[in-house]
Amino acid sequence: MSRVLIISLGCLVAATTLVARADVYQCTRNGQVTFSDIPCSSDAKPLPLNIYTPSPEEVERATRQTREIEENLASGQKQRQIDALRAEMETKKQQMSREIAGDNNEQRATTTETSDLEGSVRSPGVQRVTRQYQNEMEALNKKINTLQQSK
């Protein structure tokens with residue numbers, strides 16, 4: 001077991017060393033410039049590679065900026081969802097008003113005489129419409145409150 005571990009570690013170190021020392025060669029053949037990790041002729045020279053490594057402060061600053069951008073995007077998305085839910089609520093209010101007005105007009109057309117008591121009691125149709133829209137409005141308000149709390 002220990003032999004396998006030692007051989008594995010030796011291969012890992014060798015592979016790391018090879019990768020760290022990889023060179024890039026520029027070759028010109030038949031007027032075409034190519035790049036290779038293998039020298040194409042005996043006079044090929046490796047190209048110097050300038051690898052930029054940012055400082056930890058720059059990495060932290062970039063990470064902070066990325067986090068702020070993501071938070072702003074998420075906040076904007078939540079605000080758009082809230083606005084859409086409010087618009088849907090307004091549409092439902094208008095629909096409810098139209099249905100109630102239509103039901104009231106229908107009720108007036110079918111009833112010629114009503115007493116004051118009957119006129120003050122809502123028709124079952126109006127109650128049904130009102131109840132339906134109240135339930136829908138409550139559900140939309142819950143969604144809005146959930147979104148606002150998660151901001």
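Here the structure is a predicted model, which is why all the values come from computation and not from measurement. These values consider heavy atoms only, across backbone and side chains, with no hydrogens, waters or symmetry-generated copies.
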Mind checking whether V24 and L49 have side chains closer than 4.5 Å, heavy atoms only? yes
Rounded to the nearest 0.5 Å, what's the gap from CD1 on I144 to CE on M137? Could you check? 9.5 Å
Among Q132, Q134, E136, find the one that has a side-chain hydrogen bond (donor to acceptor under 3.5 Å, both in side chains) with K92. E136
Electrostatic pair E57:R61 at N-O distance under 4.0 angstrom: no
With side-chain hydrogen bond (donor to acceptor under 3.5 Å, both in side chains) as the criterion, how do D83 and Q79 come out once you've worked through the C-alpha distance, each side chain's angles and the decisive distance to 0.1 Å? CA-CA 6 Å; D83 293 343; Q79 187 59 48; 3.0 Å; yes
For Q32, does the CD atom sit with more than 12 other heavy atoms under 6.0 Å from it, leaving out its own atoms? no
Ignoring hydrogens and geometry, is there a side-chain-to-backbone donor-acceptor pair from E58 to S55 under 3.5 Å? yes
Scanning both residues in full, the closest heavy-atom pair of Q81 with L147 reads OE1-CD2, 3.2 Å
Please report the shortest heavy-atom distance between Q26 and V33, naming the atom on each side. NE2-CG1, 3.3 Å
Might you point out which heavy atoms bring T130 and M96 nearest each other, and give the distance in Å? CA-SD, 4.1 Å
Q95 side chain reached by Y133 side chain, heavy atoms, under 4.5 Å: yes
Quick check against the 3.5 Å criterion: does T28 have a side-chain atom that pairs as donor or acceptor with the backbone of G31? no
Using atom types as modelled and distance alone, determine if a side-chain donor or acceptor of T66 lies under 3.5 Å from a backbone N or O of A62. yes
Let me see the working for R86 and E90 under salt bridge (charged side-chain N to carboxylate O under 4.0 Å, His left out), right down to the final yes or no. CA-CA 6 Å; R86 286 186 176 148; E90 189 58 37; over 6 Å; no
Taking atom OG1 of T146 and atom CG of L85, what is their separation to the nearest 0.5 Å? 10.0 Å
If I compare all heavy atoms of F35 with all of L47, which pair ends up nearest, and what's the gap? CE2-CD1, 3.5 Å
Spacing of CG belonging to N145 relative to CD1 belonging to I82, to within rounding of 0.5 Å: 9.0 Å
By side chain to side chain donor-acceptor pair (under 3.5 Å) - contacts of K143 (at least two apart): none
